[in-house]
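Data first, discussion second: the structure below is written as C-alpha cells.
Letters go in sequence order (proteins before strands), and every chain restarts at 1.
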Amino acid sequence: MKISGSEILLESLKREGVRHMFGYPGGVVLNIFDLLHDEKEIQLILTRHEQGAVHAADGYARATGRAGVALVTSGPGATNTVTGIATAAMDSIPLVVISGQVPTMLIGNDAFQEADIVGITRPCTKYNFLVKDVNDLARTIKEAFHIANTGRPGPVLIDLPKDVTTSKAEFHWPETVKIRSYNPTYEGNKYMITQAAHMIAKAKKPLIIAGGGVISSGAAKELTELAEITQVPVTMTMMGLGGFPGTHKLSLGMLGMHGTYYANRAVQDADLLIAIGMRFDDRVTGKIDAFAPHAKIIHIDIDPTSIRKNVRVDIPIVGDVNRVLTVMNKVIREEVKEPWEEVRKAWAKQIAVWKKERPMTYDREADIIKPQYVVEKIFELTKGDAIIATEVGQNQMWAAQFYQYDKPRTWLSSGGLGTMGYGFPAAIGAQLAFPNKLVIDIAGDGSIQMNIQELATAVINKLPVKVAILNNRFLGMVRQWQELFYQERYSHTKLDESVPDFVKIAEAYNAVGLRATKKSEVVPVLKEAFSIKRPVFMDFIIDWQEKVYPMVPAGAAIDNMLFAEEKKKPEKKLRAVK
Amino acid sequence: MRHTISVLVENKFGVLSRISGLFSGRGYNIESLSVGETIDPNVSVMTIVTTGDDWIVEQITKQLNKLIDVIKVVDMTELDHVEREMVLIKVAPRQEDKAEVLRLAEIFRGRVVDSSPKTYTIEITGDEKKIAAIVELLRPMGIKEFVRTGKIAIAREGIKKP
C-alpha cells in the first residue's frame with residue numbers, strides 16, 4: 001500500500017525510536033503537522049522560536065546520548081535553525097533537523113519562504129540531504145540517523161519539499177545502511193595502543209586531558225579505570241566535564257583559559273599528555289608554541305582531522321575512545337605492571353603542592369552575593385544529582401568551575417561555538433527526556449534574554465526547569481575583558497536599568513519568579529525553587545565586579561594566569577545592586 | 001609545496017560545492033580543479049592542485065576524506081604518476097610570424113583546431129613544463145585568448161621485472 005511522504009516520515013522516525021521532537025509549523029510542513037495532530041507515539045514540543053527547537057533537541061541529545069530531532073518550516077524557519085545546528089556541529093552532538101522546503105518545481109524560483117538551506121547549512125552540518133523523490137525518503141532518514149549517530153557525531157539536515165510530503169510511495173524501511181564512502185574507524189591500532197601503554201609506564205609526569213569524546217563514546221568508566229590503574233591525574237576540557245568524576249582525587253578540574261591553576265601548571269610541566277577525545281582548541285592550549293613544552297603527546301580521537309591539526313603528536317591513535325581505552329586498559333593490566341602508586345609519588349606530591357598553592361576560590365566572606373557562592377550552593381543542595389545547562393559567558397565559566405560534575409551527560413553547555421541563549425532551551429530538552437530530574441540552567445542576565453520566549457514552552461508542557469540567573473546587569477564576560485584589556489571602557493556591555501524584572505517576567509508567563517538580593521537569601525531561594533514542580537526563574541543580584549579567575553589572556557601561554565586581587569580594592573561607585 | 005590530489009567522489013548533486021566549500025571555508029588554496037565522470041557513472045574524479053606545507057596538505061587530505069561523499073583521496077605527488085593538461089590558445093600573429101606559430105605548434109605536437117584570417121587556435125596537451133614553454137614562445141607573437149582545462153593525473157602502474 002502506498003502512503004504519503006508525511007506518513008513515511010513519521011513511520012521512519014518511529015522506526016528510529018524517536019518519541020520526542022521539537023519544532024514549529026509553517027506553510028510547507030502543514031501536511032506533516034496535520035498528521036501530528038492525531039499522532040500518539042511521537043510527541044512534538046512546540047517551541048516559541050526555531051532556534052529554541054534546535055537547542056532543545058541538542059540538550060535532549062546531550063542528556064540522553066540519542067540524536068535529537070527538530071522539525072521546522074522552510075525559509076525563515078530553516079534559517080532560524082542555523083545557530084543551533086552550528087552549535088551542535090562544533091560540539092559533535094547528533095541531531096536530525098528536518099526542514100520543509102517549497103515544492104520541487106519551485107526550487108530556485110525565489111518562491112515565498114524559500115531559502116537554499118542545504119547550501120546555507122553545508123559547512124555547519126555533518127551532512128545534509130535534499131529529498132527530491134518520495135521513494136528515497138525512508139532510506140534518506142535511515143542514512144541521516146546513521147550519519148548523525150556514528151563516527152564523530154554531528155548534526156544532519158534533511159530538506160523536504162512540500163510535494164514530497166504529499167506524494168505517495170510504498171514504505172520500505174531499510175534495516176541496515178551502508179554508505180561506501182563513510183566508514184569511521186572504531187578500532188585503534190593495537191601496536192600504537194601498546195606503544196602508548198608503555199609510554200605511560202615510562203612517564204614520570206603524565207597527565208590525561210579528557211574531552212567531549214569520552215562522553216560521546218560512553219567511555220567514562222574506562223577512563224576512570226585507566227586513571228586509577230596508572231595513577232595518572234586527569235584534567236578536562238569544558239566539553240569533557242563529567243567524563244571523569246570532578247570529585248575524584250585524581251581530578252584537576254578544567255584546564256585552559258579559565259582552567260584551574262594546578263591543571264594548567266601540570267600541562268606545562270608534564271612529560272606526557274594523554275589526550276583523549278579532545279581537539280586542542282585554542283581555549284585549551286593558549287599560545288600554541290608555548291603549550292606543554294616538555295611533553296610527548298598521545299592523542300586518541302575518532303576523527304583523524306583532529307590529530308596533528310594544532311599540535312604535534314608522538315603517538316596518534318584513531319579510533320573510538322571507548323574501544324581504544326578498553327584495549328589499552330587490558331594491555332596495561334597484562335603487560336605493563338608497575339608499582340604505580342610508588343612510581344607516581346613525586347608527581348602526585350607536586351600536584352598537591354600546586355593545589356594547595358592556588359585552590360579554586362573566591363571571596364567567601366563577602367556580604368554581597370558572589371556568583372561562585374550561588375553555584376557552590378547549587379552543587380551542595382543537589383549533591384551533584386542534577387543536570388546543569390548553561391548559557392555562555394561568565395555564568396558558564398563559574399558553572400564549570402564551582403560545580404563538580406561526577407557523571408557524564410549532566411553538563412550541557414555550548415563549548416565550541418559559545419552560543420548565548422543555548423542553555424534555557426537545552427535545559428527544556430533535557431527535562432523532557434528526564435521529567436523527574438532536577439534540571440537547572442545557570443544563566444546570566446544577558447544570555448537568558450536571548451531565548452527567554454521559551455519560558456512559554458516550559459510552562460505549557462509542564463517542564464519544571466529551574467533557571468538561576470546570575471544577574472550583574474552587564475554582559476559580564478565582555479565587561480571583564482573591557483576592564484582588564486580596554487581600560488574599563490564599558491562599550492555596550494552595561495545593561496543596567498534595561499534589564500527586565502525577571503520575577504515579573506516569570507509571573508507573566510505563569511511561571512514562578514524568586515529573587516535574592518542578599519547572600520542570606522540565596523539558599524532559601526534555591527531550596528524553594530527546587531521544591532516547586534513548575535518552571536522557576538531565580539534572580540540572583542550578584543556582585544557586578546566579580547570576574548572569572550584564573551584567566552589566561554588570549555594568546556598567552558596557559559601558565560601565564562591572572563588571579564583575583566589578593567586584597568579587596570575599594571568598591572567602585574557604579575553598583576548594579578537593586 | 002605544490003600537490004596534485006586526486007579525489008574520487010560520489011557523482012551527486014552538490015558534491016563540487018562541498019569540496020570547494022571545504023577549501024574556501026578552511027582557507028586552503030586551489031590552483032586548479034578539474035572534474036569528470038569516471039568509467040563508473042556513479043563516481044567522479046576531481047583533480048585538485050593545491051599548495052601548502054606538509055601540515056596543511058595532511059589536513060587537506062584528512063578533511064577531504066572526512067567528507068561523506070568522498071570515496072578515496074590520493075596525493076599523486078607521493079606516487080609515480082602522469083599529469084596532463086590541455087590548453088587552447090588563440091594566437092593573432094603578425095603576417096611574418098604566422099609560419100613560426102605553425103612551426104611551434106608542430107614542434108609541441110599541437111593541433112590547429114580553428115583558423116581565421118587573423119588568428120589560429122592551437123590545442124596543446126602536456127605537463128606543466130611543456131605548457132609553460134609553449135606559452136612563453138607564443139607570447140611574443142600575440143596571444144589573444146588562453147583557456148586551460150586544469151590538470152588531471154593518473155598513477156603509473158609498476159612494471160615487474162621478469
Counting only non-hydrogen atoms closer than 4.5 Å, does B/Q63 touch chain A with its backbone (N, CA, C, O), its side chain (CB onward), both, or neither? both

Grab the two heavy atoms, one from B/L16 and one from B/M46, that are nearest each other, plus how far apart they are. CA-CE, 3.7 Å

Contact origin within B/K12 toward chain A - heavy atom pairs under 4.5 Å: side chain

Interchain contact, A/R180 with chain B, by part (heavy-atom threshold 4.5 Å): side chain

Decide, yes or no, whether a salt bridge links B/K66 with A/D303 under the criterion of side-chain N to carboxylate O below 4.0 Å. yes

Portion of B/D54 that has a non-hydrogen atom of chain A nearer than 4.5 angstrom: neither

4.5 Å side-chain heavy-atom contact, B/F108 and B/I131: no

Are any of the side-chain nitrogens in B/D127 or B/K130 under 4.0 Å away from the carboxylate oxygens of its partner? no

Under a 4.5 Å heavy-atom cut-off, does chain B meet the side chain of A/L130, its backbone, both or neither? side chain

Of B/L33, B/V35, B/T4, B/I5, which is the lone residue that meets side-chain contact (heavy atoms from CB on, under 4.5 Å) with B/T47? B/T4

Any idea which of A/S181, A/P123, A/P304 has the most non-hydrogen atom pairs under 4.5 angstrom with chain B? A/S181

